[in-house]
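Reading through the structure tokens given below for one structure.
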2 protein chains.
Amino acid sequence: MHQMLAHAILGPMIGGTEQELVEEWHGLLARHAAVHNALEHDLQAQHGISVSEFEALELLASSDHGKCRGQDLTNVVHLSQSAASRLVARLERGGLVERVMCDLDRRGIFVVLTDEGHKRYSDAKPTHRSALARTLRADD
Amino acid sequence: MHQMLAHAILGPMIGGTEQELVEEWHGLLARHAAVHNALEHDLQAQHGISVSEFEALELLASSDHGKCRGQDLTNVVHLSQSAASRLVARLERGGLVERVMCDLDRRGIFVVLTDEGHKRYSDAKPTHRSALARTLRADD
DNA sequence: ACGCATCGAATGCAAGCGCATTTAATCTTG
DNA sequence: CAAGATTAAATGCGCTTGCATTCGATGCGT
């Protein structure tokens with residue numbers, strides 16, 4: 001309560017009032033939810049893929065030969081290792097990706113973008129960018 | 001590809017290069033994941049509540065008489081209506097909250113913070129703020 | 001006052017998530 | 001070189017989520 005007064009009287013202090021931290025966090029939450037929901041809806045409706053799946057495809061498309069190690073995917077998608085594993089399994093089931101054995105380290109795998117996967121990514125990209133442009137700057 | 005060159009040669013243009021939108025989105029994703037994971041871990045480990053549950057308790061604690069309409073909760077937690085309903089059910093099961101009939105509009109409910117609920121919120125609050133302070137400014 | 005659209009909330013259901021564990025391959029150390 | 005530690009990935013499990021639907025209550029137009 002008196003924190004709101006301090007803010008009103010002294011103006012926004014750029015340091016790190018508890019009040020300010022909470023406001024920044026709520027802003028981050030709202031912003032994230034808005035963009036994520038829009039992306040999820042548009043990508044799902046128009047191309048049948050989720051946000052995480054798109055991020056995975058994007059990493060692959062920007063990689064050499066459309067291939068990358070399974071672990072690199074895990075780092076990118078902000079998901080647990082198990083969830084990332086199942087994400088690859090889904091993409092494979094959908095024919096967007098293939099899993100190939102890694103010769104040098106036979107524990108690991110390579111995830112490789114198929115032609116169909118590359119096409120789906122290219123198709124989805126404008127939808128993705130458009131949703132970003134619409135929602136990322138909408139509420140400033 | 002030429003987008004990266006444009007960025008390197010012309011410098012960051014503050015308008016809305018596609019490249020810039022994507023970078024801003026990835027930053028938002030990373031930031032959200034970092035803070036959310038830390039909050040979720042700390043709140044769960046030390047107080048047995050999730051981030052959404054904490055947000056709900058915080059709304060209630062800041063409301064008059066610790067009561068608010070079910071729909072107000074839905075708006076705050078960035079969850080679907082059904083998920084919010086189950087969230088209240090969980091909180092009720094845990095004894096942190098009670099559902100009471102709303103007399104004026106008997107479709108709706110009031111969600112009321114119990115004494116135990118208020119205590120759990122007060123206990124969790126420092127943990128929450130501490131995690132925010134640690135993660136929200138950590139990676140600038 | 002009646003019937004119909006709308007609203008607030010709850011619930012069946014399938015899918016996705018994280019945690020913990022498992023399996024197999026690789027690295028380390030004595 | 002053998003045994004234990006470590007790593008990459010997959011999987012069983014319980015929980016949470018969103019979508020679609022349902023149910024009762026309310027508001028509105030005629």
Side-chain angles (χ1 to χ4, degrees), chain A residues 29 32-34 36-45 48-56 59-60 67-94 96-112, chain B residues 29 32-45 48-56 60 67-94 96-112:
Chain A
L29 266 180
H32 174 271
H36 190 273
N37 286 344
L39 277 176
E40 191 73 45
H41 178 270
D42 290 6
L43 287 175
Q44 199 61 253
I49 60 179
S50 71
V51 174
S52 295
E53 285 162 359
F54 179 86
E55 298 285 346
L59 172 64
L60 286 168
K67 95 166 39 169
C68 79
R69 301 255 308 286
Q71 207 164 194
D72 303 334
L73 266 168
T74 301
N75 293 334
V76 155
V77 291
H78 298 298
L79 246 43
S80 71
Q81 181 268 322
S82 66
S85 174
R86 294 176 208 271
L87 170 58
V88 173
R90 274 200 306 280
L91 290 175
E92 189 173 40
R93 238 181 281 128
L96 307 187
V97 135
E98 277 177 11
R99 274 186 274 205
V100 312
M101 278 298 178
C102 176
D103 301 351
L104 296 99
D105 184 344
R106 289 193 326 225
R107 290 169 300 187
I109 57 167
F110 276 117
V111 182
V112 189
Chain B
L29 267 180
H32 175 271
V35 181
H36 191 272
N37 287 344
L39 277 178
E40 190 72 46
H41 177 270
D42 291 5
L43 287 176
Q44 199 60 253
I49 59 179
S50 71
V51 174
S52 295
E53 285 162 359
F54 180 87
E55 298 285 346
L60 286 167
K67 95 165 41 170
C68 78
R69 301 255 309 287
Q71 206 161 29
D72 303 334
L73 266 167
T74 301
N75 293 335
V76 155
V77 292
H78 297 299
L79 246 43
S80 70
Q81 181 270 320
S82 65
S85 174
R86 294 175 206 271
L87 170 59
V88 172
R90 276 199 304 279
L91 290 175
E92 190 174 40
R93 240 180 281 128
L96 307 187
V97 136
E98 277 177 11
R99 273 185 274 205
V100 311
M101 279 298 177
C102 177
D103 302 350
L104 296 100
D105 185 344
R106 289 196 323 229
R107 292 169 298 188
I109 58 167
F110 274 118
V111 182
V112 189

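Owing to the predicted nature of the structure, the values given are computational and were not obtained by experimental measurement. Chain letters run A, B, ... following the sequence lines, proteins first, then strands; residues in each count from 1.
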Would you mind reporting whether B/Val111 and B/Leu91 have side-chain heavy atoms less than 4.5 Å apart?
no
Is there a donor on the side chain of A/Gln81 or the base of D/dA10 sitting less than 3.5 Å from an acceptor on the other?
yes
With a 6.0 Å cut-off (strictly less than), is the heavy-atom count around CZ of B/Arg69, excluding the residue itself, greater than 12?
no
For the residue pair A/Ser50 and A/Ser52, confirm or rule out a side-chain donor-acceptor distance under 3.5 Å.
no
What about B/Ser80: does its side chain form a donor-acceptor pair under 3.5 Å with the base of D/dC19?
no
Heavy atoms only: give me the nearest B/Met101-B/Phe110 pair and the separation to one decimal.
O-CD1, 4.5 Å
Counting heavy atoms from C-beta on, name the nucleotide in D/dA10, D/dC19, D/dG12 closest to the side chain of A/Ile109.
D/dA10
Whole angstrom is fine here: how far is it from CD in A/Gln44 over to P in D/dA20?
11 Å
Could you grab the distance from atom CZ of A/Arg86 to atom CD of A/Gln81, nearest 0.5 Å is fine?
9.5 Å
How does each nucleotide of nucleotides 22-29 of chain D score, in 5' to 3' order, for protein heavy atoms under 4.0 Å: base (B), sugar-phosphate only (S), or none (-)?
--BBS---
Distance under 4.0 Å to a non-hydrogen atom of chain A counts as contact; along DNA chain C, which nucleotides mark the start and end?
C/dG16 to C/dT26
Non-neighbouring partners of B/Glu98 that pass side chain to side chain donor-acceptor pair (under 3.5 Å), sequence neighbours left out
none
Using atom CD of A/Gln71 as one end and atom P of D/dT7 as the other, report the distance to the nearest whole Å.
10 Å
Measure from NE2 on B/His78 to P on D/dG18 and round the result to the nearest Å.
12 Å
Contact class for B/Arg86 vs. all strands (heavy atom < 4.0 Å): base, sugar-phosphate, or nothing?
base
Report the distance from atom NE2 of A/His78 to atom NE2 of B/His32, rounding to the nearest 0.5 Å.
10.5 Å
Comparing A/Ala84 with A/His41, nearest DNA chain D nucleotide closer to 5' gives the residue A/Ala84
If you assign each of A/Arg90 and A/Ser82 to its closest nucleotide in DNA chain C, which residue comes earlier from the 5' end?
A/Arg90
Integer-rounded Å distance: D/dG18 P and A/Asn37 CG:
8 Å
Return the value, rounded to whole Å, for the distance between atom CG of B/Leu91 and atom P of D/dC15.
16 Å
Once rounded to the nearest 0.5 Å, what's the spacing between atom CG of B/Leu73 and atom CG of B/Leu60?
5.0 Å
Specify the separation, in whole Å, of atom CZ of A/Arg93 and atom C1' of D/dT11.
13 Å
Just call it for A/Leu87: base, sugar-phosphate, or nothing, with non-hydrogen atoms closer than 4.0 Å on any strand.
nothing
Are the side chains of B/Leu29 and A/Glu55 in touch, meaning some heavy atoms are under 4.5 Å apart?
yes
